[in-house]
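Working notes, beginning with the structure itself.
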Amino acid sequence: MPHARNRNPSPIPEVTWDTGLKEMNETWKGAIACLGVAVFFVMTIGIIYWQVVDQPNKNWILKGSYSGLIWERRTHSLVIQTLTEDKTYVEIDVGNVGNPDIEVPFVRNLCWLNKTEFCYTWDSVADVKISLEVNEATETECYSMTWAPVHCHVELKDCFSMANMSWYGGASVQNQSWPINEQNVTMQPFTVSNLRDNPSGFGSVLERYFLGSSGVAVLVSPDVPLQVGMESRQHFCLQSPSSLERTPLQYTVCVGHNIRAVHQEVLQQLSSPSRELPNMDVLWLPFWKLLASVDSGPKVERELRTFSNRLRRHQLGEGAISLNEHSTALLADMDHDYRTSRKRGTSKRQTRDFRDLSLIKLLNISITLSPFLSVDTTQFHKSLLDGTEAYWLSLPVAPQGRLVPVLTQWRGQFCVKLNISNPEAVSWFLDRVGLLQARLGMEYIHLEGAEGNPLDLGGGDQYIGQLADVAARIEESAIMNAGTRSSHKPVFVRMPPLQSDWSSSGLKGLIPSLLHHTLLGYNLLIPDAVGGSLSGELVTDEELFIRWLQIVAFLPVISFETPPWVCGEDRVLNLTRALIAWHQDFVVPLVTRYAEDWMTSGSPIYRPLWWLSPDDPVTFTIDDQFLIGDEVLVAPVIERGTVRRNIYLPDGGFQWQDSRNAQVFDGGTLLEDYPVALEEVAIFLRRRS
């Protein structure tokens with residue numbers, strides 16, 4: 001058998017290929033695992049770096065044709081800018097929602113299929129939805145924002161920055177400023193209150209509308225409860241109250257090319273396009289308040305005749321004599337007292353005093369009424385007996401139980417308030433007005449007490465609008481003390497009372513208050529009495545009386561509480577006569593013409609200077625001049641002992657002519673230390689270049 005030969009004579013042991021591959025695989029596996037850990041570590045560091053350091057601070061949320069909405073991550077702000085980022089319209093601090101210490105990226109759009117909407121759930125506290133609407137015809141772009149709480153008792157608060165811009169609108173306050181950047185108001189329900197009783201509140205005229213000089217307007221939904229606060233030169237804030245009902249915060253921000261353009265567009269949403277004018281005969285007569293502390297109708301009547309004779313003796317012409325609510329009630333009772341006296345056999349002399357009521361019809365008088373009725377009156381007790389307690393704002397004593405009128409206070413008395421939502425109650429009130437008209441023959445009716453509704457737990461102002469509807473049904477010219485969502489209705493609005501001094505709560509607050517009212521659509525207004533009426537005392541400062549009268553002479557109606565013969569000598573009387581005549585000959589026709597323009601276009605009668613120069617930042621803060629329409633500029637003196645003042649003439653491709661000396665100046669000119677004597681007021685008429 002052949003011998004088998006040895007195939008591996010070498011002393012080195014034989015190693016198979018399987019063993020080598022196994023050892024190599026183990027080595028590479030360790031290396032790859034180490035490499036994977038390193039790559040994962042580097043990626044983690046990169047992601048953290050991107051989130052903390054390298055992630056852009058700004059994220060575009062929505063884009064229009066020329067503007068866009070940006071989320072600023074570090075400041076927790078929504079910012080509306082031009083697409084080129086060369087102009088900021090508004091910055092809204094929303095960091096008050098949720099935990100401000102938690103950085104929210106705010107970039108995940110849950111409505112990503114729709115390029116005009118943005119949806120997001122904020123910090124598990126609120127759902128936010130933002131919709132963009134572009135109006136190519138008017139070149140305005142509006143961002144509708146809705147914050148809806150996810151849980152109960154969540155306060156939603158958005159603050160609008162005042163940095164580098166001026167804001168206007170909102171509500172009247174006691175120390176009215178123009179713009180509102182200087183105002184300080186603690187967070188409170190955004191409702192009308194009586195500034196005499198609540199000097200730190202909002203009063204007189206209020207709209208859920210704010211206008212910014214950058215060309216931005218903010219409209220807050222009228223259907224949700226709202227609180228507003230202001231911090232001087234910092235911001236104003238909108239807040240929804242904390243409640244079980246999960247109250248949303250809803251508002252719309254519109255931007256335009258300038259402040260005038262966006263205001264004119266948003267104005268169509270702010271008020272009804274069907275505007276109506278009240279009886280314009282009110283403009284021709286000055287109002288004279290009768291200051292009489294008497295306790296009977298015959299005494300009121302004698303005071304009326306005496307005061308009317310004095311007006312004629314001082315050659316102050318015809319005027320409307322205003323009676324307060326107490327004097328009105330005394331006169332209204334005279335006819336009843338006359339009939340009662342006949343039954344009792346009262347003497348002829350006393351009976352003659354009662355019958356003198358017919359002489360009142362020969363005078364132009366304005367009476368004052370309110371929707372309140374004292375609980376001490378026979379009328380109220382009768383309503384409880386005849387089952388008409390539903391005429392008053394009431395609450396049921398139990399579910400499905402009998403209604404019980406709610407007590408409130410008015411003029412220091414416990415009263416009930418008219419239920420205007422009840423048609424029968426409204427008919428009763430209008431019948432009462434008609435009876436007074438038959439007895440007194442009054443020309444004008446002043447309705448007080450609209451503000452506040454004891455049943456309005458949501459803090460709204462619906463009662464004011466309802467009372468304005470009732471006022472519009474009165475044949476005589478109606479005047480109201482408050483207005484909200486009622487600027488289109490045919491009633492006059494009385495401006496809030498001012499202090500009898502030179503401060504911002506006195507004379508210096510008159511023009512800011514005027515511009516505030518007209519910006520919100522309340523153009524046909526009656527100013528506070530010459531010299532101010534808040535203190536309730538007669539004005540003795542002759543210079544203050546004159547400077548005040550020089551402003552009021554350009555407003556729709558002149559109103560007096562201090563007679564000119566009380567304030568000064570013949571100079572005051574002569575100047576009063578001259579300015580009343582000037583008002584009737586020049587101002588009334590001018591106001592009537594621009595009132596027709598307001599009815600069709602909504603443009604205010606009295607305008608700020610930026611109306612003619614909406615891109616001129618100088619005009620944004622001028623609070624001591626105003627325009628009547630586009631053709632008359634009024635620059636009165638509001639500083640004590642001053643006969644010179646700076647006057648700015650807005651530019652707009654035209655010139656201005658001083659009505660006193662016919663001097664002509666180019667628009668955009670600042671007249672420094674321009675002379676304005678005590679008996680004068682600077683008036684400039686616009687001329688085409």
Side-chain angles (χ1 to χ4, degrees), residues 142 144 168-173 180 188-195 201-211 217-228 238 240 247-254 263-278 371 393 417-421 426 447-453 455-474 478-496 513 515-526 598-599 601-605:
C142 295
S144 299
Y168 314 90
S172 302
V173 294
I180 64 174
Q188 59 185 286
F190 196 56
T191 56
V192 174
S193 59
N194 190 322
L195 291 179
F202 300 114
S204 186
V205 161
L206 175 151
E207 296 292 343
R208 296 185 173 198
Y209 173 60
F210 297 87
L211 179 67
V218 180
L219 271 170
V220 185
S221 170
D223 302 320
V224 296
L226 177 68
Q227 295 179 332
V228 173
L238 310 177
S240 65
T247 305
L249 180 60
Q250 296 175 318
Y251 58 86
T252 299
V253 181
C254 295
H263 175 66
Q264 287 182 304
E265 173 60 24
V266 174
L267 199 62
Q268 308 307 316
Q269 305 175 43
L270 184 64
S271 66
S272 170
S274 57
R275 304 176 188 90
E276 297 180 68
L277 291 177
L393 294 175
K417 196 169 187 179
L418 187 70
N419 182 7
I420 301 185
S421 62
V426 172
L447 292 177
E448 295 184 333
E451 59 272 13
N453 183 340
L455 299 186
D456 200 348
L457 303 179
D461 283 317
Q462 293 86 353
Y463 197 93
I464 295 174
Q466 293 172 342
L467 188 60
D469 288 333
V470 174
R473 295 171 59 182
I474 299 174
I479 304 163
M480 290 188 60
N481 267 25
T484 181
R485 283 179 275 172
S486 56
S487 62
H488 60 286
K489 297 175 181 177
V491 295
F492 284 83
V493 173
R494 182 176 287 278
M495 295 169 66
S513 182
L515 296 175
H516 167 77
H517 278 68
T518 58
L519 179 77
L520 298 183
Y522 297 89
N523 290 270
L524 296 170
L525 40 83
I526 297 179
W598 166 76
M599 259 213 326
S601 70
S603 297
I605 299 174

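All heavy atoms count here, side chains included; hydrogens, waters and symmetry mates do not.
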Take Val228 and Phe202 through the test side chain to side chain contact (heavy atoms under 4.5 Å, CB included) and record every step on the way to the result.
CA-CA 10 Å; Val228 173; Phe202 300 114; 4.2 Å; yes
Interatomic distance, [X] atom [atom1] to [Y] atom [atom2] [nearest 0.5 angstrom]:
| X | Y | atom1 | atom2 | result |
| --- | --- | --- | --- | --- |
| Met480 | Leu467 | CE | CG | 4.0 Å |
| Leu515 | Leu520 | CG | CG | 11.0 Å |
| Gln268 | His263 | CD | NE2 | 9.5 Å |
| Ile464 | Leu447 | CD1 | CG | 12.5 Å |

For residues [X] and [Y], determine if any side-chain heavy atom of one lies less than 4.5 Å from a side-chain heavy atom of the other.
| X | Y | answer |
| --- | --- | --- |
| Ser204 | Met495 | no |
| Pro278 | Val491 | no |
| Ile605 | Thr518 | no |
| His517 | Pro496 | yes |
| Leu219 | Leu270 | yes |
| Gln462 | Ser421 | no |
| Leu418 | Tyr463 | yes |
| Arg485 | Glu207 | yes |

Tell me the closest heavy-atom pair linking [X] and [Y], and the distance in Å.
| X | Y | answer |
| --- | --- | --- |
| Arg208 | Asp223 | NH1-N, 4.3 Å |
| Leu267 | Ser601 | CD2-O, 4.5 Å |
| Glu451 | Ala482 | OE1-CB, 4.0 Å |
| Gln264 | Ser603 | NE2-OG, 3.7 Å |
| Ala171 | Phe190 | CB-CE1, 3.7 Å |
| Gly169 | His516 | O-CE1, 3.7 Å |

Counting N and O atoms only, with roles assigned by atom type, does the side chain of [X] sit under 3.5 Å from a partner on the main chain of [Y], one being a donor and the other an acceptor?
| X | Y | answer |
| --- | --- | --- |
| Ser172 | Val205 | yes |
| Lys489 | Ala471 | no |
| Asp461 | Val192 | yes |
| Thr484 | Leu206 | yes |
| Tyr251 | Tyr209 | no |

Consider side-chain contact (heavy atoms from CB on, under 4.5 Å). Of Leu525, Ile526, Asn523, which one does Phe492 pass it with?
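Between Phe492 and the candidates, side-chain contact (heavy atoms from CB on, under 4.5 Å) is satisfied uniquely by Ile526.
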Is there a side chain to side chain contact (heavy atoms under 4.5 Å, CB included) between Val220 and Gln250? Walk through the geometry before answering.
CA-CA 6 Å; Val220 185; Gln250 296 175 318; over 6 Å; no
In sequence, state the C-alpha distance, the side-chain angles, and the governing distance for Leu277 and Trp598, and then conclude on side chain to side chain contact (heavy atoms under 4.5 Å, CB included).
CA-CA 9 Å; Leu277 291 177; Trp598 166 76; 3.7 Å; yes
Side chain to side chain contact (heavy atoms under 4.5 Å, CB included), that's the test. Do Leu249 and Leu226 meet it? Break it down for me.
CA-CA 8 Å; Leu249 180 60; Leu226 177 68; 4.1 Å; yes
